[in-house]
Amino acid sequence: VQLQASGGGLVQAGDSLRLSCATSGRSFSDYRVVAWFRQAPGQEREFVAAIKWRDRSTSYASSVRGRFTISRDSPKNTVYLEMNNLKPEDTAVYYCAADSRIISSSWPNPHAYDDWGQGTQVTVSS
């Protein structure tokens with residue numbers, strides 16, 4: 001199983017980006033939850049957002065709530081992270097992750113996810 005994150009880039013503060021996470025070898029419907037994490041240089045990997053595949057319920061980190069939106073496209077077997085009003089502190093490598101057994105209280109815990117993508121760099125200049 002491979003998760004493929006894409007869509008990162010270099011943007012200015014206030015701009016928008018949409019990240020995509022696709023899977024090969026397995027359908028996202030086989031997973032319970034798909035999430036986005038990010039990791040800045042010298043920082044721990046932190047939770048950004050998660051979506052429960054079956055009912056589309058979502059959860060966001062407080063730092064991105066109201067600016068970022070996680071969604072899924074079932075026919076395209078893809079999960080998106082729409083990022084608006086980007087700030088320099090959003091600069092990081094963004095990873096998608098998925099797990100088939102995770103419980104809701106563990107969504108923000110990166111160690112609770114079995115499958116990870118390779119990451120895509122997002123850089124926001126001031």
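Every heavy atom of this structure was used, including side-chain atoms; hydrogens, water molecules and symmetry mates were not.
Glu89 CD to Ser63 OG: the interatomic distance, rounded to the nearest 0.5 Å, is 9.0 Å. The line from CG of Asn84 to CD of Glu82 is 5.0 Å long, rounded to the nearest 0.5 Å. Remark: Ser62 OG to Phe47 CZ distance equals 10.5 Å, nearest 0.5 Å. With values rounded to the nearest 0.5 angstrom, Arg65 atom CZ is found 11.5 Å from Arg67 atom CZ. Annotation: the span from Arg26 atom CZ to Leu3 atom CG amounts to 9.5 Å, rounded to 0.5 Å. Within the model, atoms CG of Asp99 and NE2 of His111 stand 13.5 Å from one another, a figure rounded to the nearest 0.5 Å.
Taking hydrophobic clusters as Ile, Leu, Val, Met, Phe, Trp and Tyr residues chained together by side-chain heavy-atom distances below 4.5 Å, Ile70 shares a cluster with Phe68.
Residues Asp114 and Arg101 form a side-chain contact, since some pair of their non-hydrogen atoms from C-beta on lies under 4.5 Å apart. Side-chain contact between Val48 and Tyr95 is absent, with no heavy atoms from C-beta onward closer than 4.5 Å. When side chains are defined from C-beta on, Met83 counts as touching Leu81, because their heavy atoms get closer than 4.5 Å. Side-chain contact between Gln12 and Val124 is absent, with no heavy-atom pair separated by less than 4.5 Å.
Under the 6.0 Å distance and 45° angle rule, Arg72 does not count as a cation-pi partner of Phe28.
Side chain to side chain, Asp73 and Thr78 fail the donor-acceptor criterion of an N or O pair below 3.5 Å. A donor-acceptor contact closer than 3.5 angstrom is absent between the side chains of Gln4 and Ser6.
Shortest non-hydrogen contact noted between Thr69 and Tyr60 is CA-OH, 3.3 Å. In plain terms, the two heavy atoms of Val33 and Lys52 that are nearest each other are CG2-CA, 4.3 Å. Contact between Gly7 and Leu17 at its shortest, heavy atoms only, is O-CD2, 3.7 Å. Nearest heavy atoms, Ser27 versus Ser29: OG-OG, 2.8 Å. Closest of all the heavy-atom pairs between Arg38 and Ala92 is CB-CB, 3.8 Å.
Between the side chain of Arg32 and the backbone N or O of Ile102, at least one donor-acceptor pair lies under 3.5 Å. Counting only distance, with no hydrogens or angles, the side chain of Thr123 and the backbone of Leu10 share no donor-acceptor pair below 3.5 Å. Distance alone, capped at 3.5 Å, is enough to place a donor-acceptor pair between the Ser125 side chain and the Val11 backbone.
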For Ile51 and Val79, run side-chain contact (heavy atoms from CB on, under 4.5 Å): C-alpha distance rounded to whole Å, both residues' side-chain angles, the deciding distance at 0.1 Å, then the answer.
CA-CA 9 Å; Ile51 186 167; Val79 172; 4.2 Å; yes
For a side-chain contact (heavy atoms from CB on, under 4.5 Å) check, start with the C-alpha distance between Leu19 and Val122, then their side-chain angles and the critical distance, and finish with the verdict.
CA-CA 9 Å; Leu19 305 183; Val122 173; 4.0 Å; yes
Verify side-chain contact (heavy atoms from CB on, under 4.5 Å) between Lys87 and Val64, making sure each step is shown before the conclusion.
CA-CA 10 Å; Lys87 303 176 181 180; Val64 307; over 6 Å; no
Pair Trp36, Cys21 - check side-chain contact (heavy atoms from CB on, under 4.5 Å), show working.
CA-CA 9 Å; Trp36 288 95; Cys21 179; 3.6 Å; yes
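For Tyr31 and Trp53, the gap between ring centers reaches or exceeds 6.0 Å.
Between Phe37 and the options Tyr94, Tyr113, Trp107, a ring-ring contact (aromatic ring centres under 6.0 Å, His included) holds for only Tyr113.
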